[in-house]
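Only this structure's heavy atoms are used, side chains among them; waters, hydrogens and symmetry mates stay out. Note that the coordinates shown come from a computational prediction; the quantities given were computed from them, not determined experimentally.
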Amino acid sequence: MNEVIMQALEIMWKGMLGIFVALVVIMIFVWIMAKLGKKKD
């Protein structure tokens, strides 16, 4: 039972890390697009 919980936790933290990384990448991309948009205006 303990091994199953440890496997589940390992999968969960990898998923959380993946979501966090994706969120940061999207935020950086949006920030860059906003900066480029302001320069042309």
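Distance check: Glu10 CD to Ile5 CD1 gives 14.0 Å after rounding to the nearest 0.5 Å. Here Met33 contributes atom CE and Ile28 contributes atom CD1; the two are 14.5 Å apart, rounded to the nearest 0.5 Å.
Val30 and Ile19 sit in two unconnected hydrophobic clusters of ILVMFWY residues. Membership requires side-chain heavy atoms under 4.5 Å apart, directly or through other members. Cluster membership check: Met1 shares its hydrophobic cluster with Met12, using side-chain heavy-atom separations under 4.5 Å among Ile, Leu, Val, Met, Phe, Trp and Tyr. Residues Leu36 and Trp31 share a hydrophobic cluster, clusters being chains of Ile/Leu/Val/Met/Phe/Trp/Tyr side chains in contact below 4.5 Å.
Between Phe20 and Val24, the closest side-chain pair of non-hydrogen atoms falls below 4.5 Å.
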